[in-house]
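In what follows, a single structure is set out as structure tokens and then discussed.
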Amino acid sequence: VPAEPTVLLTYEPSHEHAAALRKAAPGARLVAAGDERTARRLMEGAEVVLGNRFFLQSLDAARRLRWMQSGSVGVDRLLREGGSRLDGVRLTCARGVYDDEVAEHALALVLALARGLHAARDDQRAERWLPRPLGSLAGRRTLVLGWGGVGRGIARRLAAFGAEVWAARRSQEGAPVRDGDALVFGPAGWRPLLPLVQVLVLALPATPETARLVGEEEIAQLPPDAVLVNVGRPDTLDQDGLLAALRRGRLAGAGLDVLEEEPPPPGSAVWTEPRLLLTPHVARSREAPPRRWEPLFAENLRRYAAGEPLLNEVDKSRGY
Ligand SMILES: NC(=O)c1ccc[n+]([C@@H]2O[C@H](COP(=O)([O-])OP(=O)(O)OC[C@H]3O[C@@H](n4cnc5c(N)ncnc54)[C@H](OP(=O)(O)O)[C@@H]3O)[C@@H](O)[C@H]2O)c1
């Protein structure tokens, strides 16, 4: 680590945050870019970049880049579009920063679907008084794909409503193990459960292995009154397959916070399918300063300057 690394912030730091960064790395030179042109100019001398804004647009100008700290959890787009330009560049993500609100959002979607709020709102707009048969989460069999901070947060909340919780992760080998609120299966072990799963929640990163992990075949195995929610990455679900299943009345409903195309094009079936509840990628809401990732950025900069292991380092070969 050179004595005076240049640290490029792709956002305007508050007074307090800039002070915390200076304290974390007293020898560093902090520069901030508020627009793409400035980012490109400053990128040339930057050893460290904090924040995603303008990053991909200015990456070509990088000459000394060693570490990039993302403000997002998912780094699939960075890896895909950064390509070989990120060789030799360490990448850290914002894992853990948004767990609570993303898990809350997933539960909000699950509850809305289970209690028919999406349909009730449509009925209200149509001045239609239509009691529908609804179920309770208590005792329901639920499966959470992804056992990171988001998946665990969802499991904790489902368990609090009395649901039975199964989960799946990549690194689990052999027999399922009880871990906190869930019985956790390996990357293939969850498949035989599908005919029993009444609530399926996806909280997965987008990697080559998770691409369309839940497709038409998997959806077809769910009970007809199941609900499906995705707050992870759109690539992990076959969206057209889901829509086809919903149109055939194959599921009670689905909730999507992430879509293949955001926003969806005019006329897309996702706008009008009554069993589909959409939210515009807000599980992690857009925030004003102070931003929730500020403490992580400062702590990781301190670690970088001290030569200590960084938090949330992405394993590029795994893709998350
Ligand atoms: N909608 C939003 O606004 C929003 C906000 C934040 C995050 N997200 C998305 O939510 C995803 C999850 O976030 P997180 O913080 O929980 O991520 P994380 O800590 O990286 O956890 C990812 C989990 O997925 C598991 N996994 C990976 N590949 C798998 C496979 N092939 N089969 C089964 N499980 C697999 C991992 O298994 P191991 O534990 O074995 O590694 C891990 O448990 C992120 O990738 C992010 O893109 C969305």
Side-chain angles (χ1 to χ4, degrees), residues 72-74 93-118 134-187 189-191 193-194 196-207 210 213-214 218 222-223 225-233 236-237 252-258 277 279 281-285 287 292-293 295-296 299 311-312 320:
S72 297
V73 181
C93 72
R95 186 179 292 137
V97 171
Y98 316 107
D99 291 354
D100 281 335
E101 66 173 332
V102 179
E104 268 175 37
H105 198 79
L107 253 289
L109 290 171
V110 168
L111 280 168
L113 294 163
R115 299 306 303 170
L117 299 190
H118 58 314
L134 302 170
S136 164
L137 274 189
R140 268 206 214 189
R141 290 179 296 262
T142 66
L143 172 62
V144 181
L145 297 181
W147 198 235
V150 171
R152 287 164 197 261
I154 294 167
R156 198 164 66 245
R157 288 163 175 82
L158 287 171
F161 278 92
E164 180 172 346
V165 191
W166 296 318
R169 70 189 302 183
R170 182 177 178 268
S171 57
Q172 171 66 30
E173 285 170 23
V177 295
R178 174 138 297 271
D179 183 6
D181 298 293
L183 188 62
V184 182
F185 293 75
W190 53 274
R191 290 179 179 279
L193 303 172
L194 286 174
L196 303 173
V197 170
Q198 296 163 298
V199 175
L200 174 61
V201 186
L202 282 72
L204 290 164
T207 71
T210 61
L213 196 64
V214 174
E218 288 72 22
L222 294 168
D225 63 342
V227 304
L228 182 156
V229 163
N230 188 9
V231 292
R233 275 287 181 264
T236 61
L237 174 72
L256 301 180
D257 185 53
V258 288
L277 187 51
T279 54
H281 205 142
V282 288
R284 167 203 162 182
S285 42
E287 45 182 335
R292 233 160 312 198
W293 36 256
L296 169 68
E299 170 59 11
L311 300 171
N312 295 350
Y320 68 100

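- Under the 4.5 Å side-chain criterion, counting only non-hydrogen atoms from C-beta, L200 is in contact with L145.
- Between P187 and Q172, the shortest heavy-atom distance links the atoms CD-O, 3.5 Å.
- A donor-acceptor pair is defined here as one N or O able to donate and one able to accept, closer than 3.5 Å; such a pair exists between the side chain of R141 and the backbone of L196.
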(Q) Assess the residue pair L158 and D181 against the criterion (side chain to side chain contact (heavy atoms under 4.5 Å, CB included)); give the C-alpha distance rounded to whole Å, side-chain angles, the decisive distance to 0.1 Å, and a yes or no. (A) CA-CA 9 Å; L158 287 171; D181 298 293; over 6 Å; no

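- Residue pairs meeting the salt bridge (Lys or Arg N to Asp or Glu O under 4.0 Å) criterion with at least one member in residues 150-161, sequence neighbours excluded, are D100-R156, D100-R157, R152-D179.
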Would you tabulate the side-chain donor-acceptor contacts of residues 102-118 under 3.5 Å, counting partners in other chains and residues two or more places apart, or write 'none'?
from : atom 1 : to   : atom 2 : distance (Å)
H105 : NE2    : T279 : OG1    : 2.9
R115 : NH1    : G135 : O      : 2.7

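- Inter-residue side-chain proximity for L213 and R191 is flagged as met; some heavy-atom pair is nearer than 4.5 Å.
- Residue W190 comes nearest to G186 through the heavy atom pair CD1-O, 3.3 Å, listed as atom of the first residue, atom of the second, then distance.
- In this structure a side-chain-to-backbone donor-acceptor pair under 3.5 Å is present from N312 to R95.
- Heavy atoms only, all atoms of each residue included: V197 and A226 are closest at O-CB, 3.6 Å.
- T142 and R140 form no side-chain donor-acceptor contact under 3.5 Å, judged by distance and modelled atom types alone.
- Here the shortest heavy-atom pairing between P176 and L183 reads CB-CG, 4.0 Å.
- Here the side chain of E101 pairs no donor or acceptor atom with the backbone of R284 at under 3.5 angstrom.
- Contact between G189 and F185 at its shortest, heavy atoms only, is O-CD2, 3.5 Å.
- Residues L296 and L311 meet the side-chain proximity criterion, which asks for heavy atoms closer than 4.5 Å.
- Minimum interatomic distance between H281 and V258 (heavy atoms only, all atoms of both residues): CE1-CG1, 3.6 Å.
- With values rounded to the nearest 0.5 angstrom, L237 atom CG is found 11.0 Å from T210 atom OG1.
- To the nearest 0.5 angstrom, S72 atom OG is 10.0 Å from W293 atom CH2.
- R170 contributes atom CZ, which lies 12.0 Å from atom CG of L204 (distance to the nearest 0.5 angstrom).
- Remark: L202 CG to T236 OG1 distance equals 4.5 Å, nearest 0.5 Å.
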